[in-house]
Amino acid sequence: MSRILITSAIPYINGIKHLGNLVGSQLPADLYARYCRARGHEVLFLCATDEHGTPAELAAAKANKPIAEFCTEMHDIQATIGAGFGLSFDHFGRSSSPQNRELTQYFAGALADNGLIEEVTEKQVYSHTDGRFLPDRYIEGTCPNCGYEKARGDQCENCTKQLDPTDLINPCSAISGSTDLEVRETKHLYLLQSKLRDKLSAWIDSKTDWPILTTSIARKWLNDGDGLQDRGITRDLDWGVPVKRGTEDWPGMEGKVFYVWFDAPIEYIACAREWQDAGKGTDWESWWRTDKGADDVRYVQFMGKDNVPFHTLSFPATIIGADDNWKLVDYIKSSNYLNYEGGQFSTSQGRGVFQDQALEILPADYWRWWLLSHAPETSDTEFTWETFQTDVNKDLADVLGNFVSRVTKFCRSKFGEEVPAGGELSERGTALIADLQEKLGQYTAHMEAIELRKSAATLRSMWVAGNEFLQSAAPWSVFKTDPEAAAADVRLALNLIRLYAQLSAPFIPEAAARMMADMNTAPGAWPEDLPTVLTALPPGHAFTTPEVLFAKITDEQREDWASRFSGTRD
RNA sequence: GGGCCUGUAGCUCAAUUGGUUAGAGCAGAGCGCUCAUAACGCUUUGGUUGCGGGUUCAAGUCCUGCCGGGCCUACCA
């Protein structure tokens with residue numbers, strides 16, 4: 001048994017997330033967590049909401065709510081939706097928690113003590129109308145290079161030239177449109193990442209088993225231009241973790257908060273403490289401190305590719321720089337993007353299917369199966385209603401659901417609702433078991449490697465093998481002349497349902513639980529020796545013939561949804 | 001502009017890291033079965049691997065030049 005710490009990138013608080021957010025981090029993380037638990041490992045699976053930063057403030061203002069209230073509401077909504085998708089977090093925390101505030105301040109203090117923080121006075125644009133400093137990209141104006149009128153302060157979208165906000169002609173606030181702007185001096189803390197470059201570089205180089213997507217992004221930041229740049233970790237905002245040096249005030253930094261990307265990853269750690277403080281566990285430090293038991297912990301992170309630099313460099317810089325026995329990540333699974341009907345999902349534009357809507361129209365397992373079996377692992381992938389319908393109907397309803405149905409109903413009609421006795425394991429049955437044994441090995445290997453699509457494909461092939469077996473064994477025909485032989489085949493098939501339920505649970509937990517319940521059994525240890533495992537349901541064992549496991553998606557439904565979600569959402 | 005990823009059958013993806021005739025699923029066609037959610041099984045039609053050069057006994061795989069898609073480019077997160 002191992003101890004495995006799993007975190008999913010923490011979703012931002014500014015609205016309900018779409019399916020792309022789900023498939024990139026939370027869902028694969030959940031799959032892995034469920035698999036690891038099923039293997040008997042000790043798992044701590046953490047996620048949280050990322051609540052600080054300018055967009056959160058703006059979203060709260062738009063909703064006409066105090067920021068703290070807004071965040072609490074959105075956190076609860078996201079927690080409910082996450083539960084709806086069966087995300088099995090051990091704790092779903094908040095980056096605005098007191099635990100994270102304390103830890104963030106602690107890390108800043110530790111970094112300062114180690115000479116890795118520098119105070120820098122810089123000039124930033126202040127908007128009188130908005131009453132706030134504006135991040136570069138919240139300033140718009142005419143590009144001095146190409147004349148594009150909606151250029152942002154960080155970069156012109158038209159000519160792609162990098163800009164400084166003061167370069168813009170006729171600058172205005174992207175929030176209010178106000179031109180009442182002023183360049184003010186302000187003091188900020190910088191994390192001297194450049195001093196940690198060599199350590200970070202060596203650490204990245206040691207990660208030879210990481211996906212190229214992950215390491216290449218890290219290397220680019222490490223080696224590009226002058227190498228890893230120092231980074232401002234404070235902001236002039238009201239909402240966030242107040243700047244402190246450990247528990248001490250930080251002279252000159254009054255009224256400032258830490259930058260959201262400084263405190264957000266620290267929430268991974270703080271979340272473990274929240275987990276303990278919520279009474280869900282003990283000894284949180286044994287998961288996070290190598291001097292307190294975390295030496296034997298394997299830490300796996302899941303995220304979309306846009307998050308990679310912060311998880312390969314910024315956060316590790318915090319950990320390494322603090323130099324206080326904190327656990328570094330062991331493996332990063334990064335994901336590409338899911339597109340929607342020929343374009344991108346977009347939270348800001350309300351394009352695509354959002355998580356709450358998805359749950360309204362179909363059970364979570366439909367989404368989980370499709371998203372995981374089509375996960376954008378090697379490149380961006382595309383969601384279309386047509387493929388979603390055909391894939392889900394075929395895989396879940398026809399291959400798996402119908403298998404369960406045909407076996408149980410046949411058994412009921414010929415032998416009653418219990419596992420039939422008599423007969424010997426047929427040659428076909430022996431061959432099936434051998435085949436499944438090999439596939440089980442592949443499935444396990446793919447799950448260990450967190451190969452999502454390959455795992456799904458292998459699992460599906462095991463379902464298919466059940467149908468092939470039934471077809472060739474044809475117990476409905478054999479029954480007429482040799483009921484005992486038919487009984488033996490049906491007995492094996494009924495046991496397959498239990499096996500499928502157990503193996504499929506990480507993908508489709510609800511349906512798997514129903515299969516287990518209907519078969520009147522419970523999952524045991526992770527299956528290894530199939531000849532034994534497939535006799536778990538003995539002759540005479542009663543079961544219930546299940547209702548339809550997966551109803552098919554009809555053409556009418558598909559058309560309705562396709563048109564309903566074709567536009568944008570408020 | 002720069003860096004990285006990517007382009008394989010109508011669609012979604014494989015191809016043991018340079019090694020036989022490029023494979024699966026879906027969709028299409030045909031046959032079989034009748035236990036089952038008109039479900040299942042078997043067979044089968046689809047490919048000049050984006051395009052052009054090159055290296056090699058051998059290239060989907062390596063090099064190079066084009067063309068297309070994507071991500072990042074450090075103050076959105």
Side-chain angles (χ1 to χ4, degrees), chain A residues 9-14 50 52-56 58 122 124-125 133-139 152-155 159-162 164-165 174 188 193 211-213 215-221 223-225 228-232 235-236 259-261 264 304-310 313-314 334 336-337 339 344 347-348 373-374 376-382 384 386-387 390-391 393-399 401-414 453-454 456-457 460-461 464 466-477 479 486 490 493 547-552:
Chain A
I10 63 179
Y12 199 59
I13 196 74
N14 63 341
D50 178 12
H52 297 138
T54 307
L58 297 180
E122 56 192 11
Q124 285 201 345
V125 175
F133 281 94
L134 297 176
D136 289 354
R137 71 175 54 203
Y138 283 102
I139 303 162
R152 294 189 320 200
D154 56 340
Q155 183 175 32
C159 67
T160 73
K161 188 178 166 62
Q162 308 262 345
D164 189 89
H188 283 297
Q193 299 185 132
I212 291 172
L213 180 66
T215 50
S216 67
I217 292 174
R219 289 214 171 84
K220 154 80 170 159
W221 281 48
N223 301 323
D224 199 39
L228 190 62
Q229 300 296 298
D230 298 335
R231 191 172 183 111
R235 293 291 182 273
D236 288 292
Y259 174 44
V260 56
W261 262 118
K305 55 184 165 183
D306 52 333
N307 272 305
V308 167
F310 305 98
L313 300 170
S314 310
S334 55
N336 286 282
Y337 289 150
N339 290 325
Q344 287 196 340
T347 305
S348 55
S373 61
H374 293 77
E377 291 178 288
T378 49
S379 64
D380 294 356
T381 62
E382 173 129 333
T384 68
E386 203 175 326
T387 56
T390 55
D391 291 341
N393 283 353
K394 191 72 185 172
D395 295 350
L396 296 182
D398 296 347
V399 176
N402 182 56
F403 175 81
V404 173
S405 201
R406 66 195 294 203
V407 171
T408 51
K409 284 181 181 169
F410 177 76
C411 182
R412 180 175 62 181
S413 75
K414 304 299 183 202
R453 288 186 311 222
K454 286 179 181 172
R460 185 188 188 283
S461 77
V464 168
N467 280 313
E468 289 169 353
F469 166 72
L470 275 189
Q471 198 66 34
S472 64
W476 49 89
S477 168
F479 180 78
V490 169
E547 298 302 309
V548 167
L549 201 57
F550 296 100
K552 289 202 192 194

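Predicted, not measured: the structure shown is a model, and the values here were computed from it. Lettering follows sequence order; numbering is per chain, from 1.
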>> Quick check: do Asn467(A) and Val399(A) have side-chain heavy atoms less than 4.5 Å from each other?
In response: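 Sidechains of Val399(A) and Asn467(A): in contact.
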Mind checking if [X] touches a base, just sugar-phosphate, or nothing, with heavy atoms under 4.0 Å?
{"X": "Val464(A)", "result": "sugar-phosphate"}
{"X": "Val260(A)", "result": "sugar-phosphate"}
{"X": "Asn402(A)", "result": "base"}
{"X": "Ser461(A)", "result": "nothing"}
{"X": "Lys394(A)", "result": "sugar-phosphate"}
{"X": "Lys414(A)", "result": "nothing"}
{"X": "Arg219(A)", "result": "nothing"}
{"X": "Leu313(A)", "result": "nothing"}
{"X": "Leu470(A)", "result": "nothing"}

> Whom does U16(B) pair with, Watson-Crick or G-U wobble, provided both distances fall under 3.5 Å?
Replying inline: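 Checking every strand shown, U16(B) finds no partner, since no pair has both distances under 3.5 Å.
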> Rounded to the Å, how far apart are Lys552(A) NZ and A38(B) P?
Replying inline: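 After rounding, the reported distance stands at 7 Å.
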>> I want to verify the glycosidic state of G46(B); is it syn or anti under the 90° rule?
In response: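 Glycosidic conformation of G46(B): syn.
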>> Within 90° of 0 counts as syn, otherwise anti: where does U6(B) fall?
In response: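 Judged by the O4'-C1' to base torsion, U6(B) sits in anti, the angle falling more than 90° away from 0.
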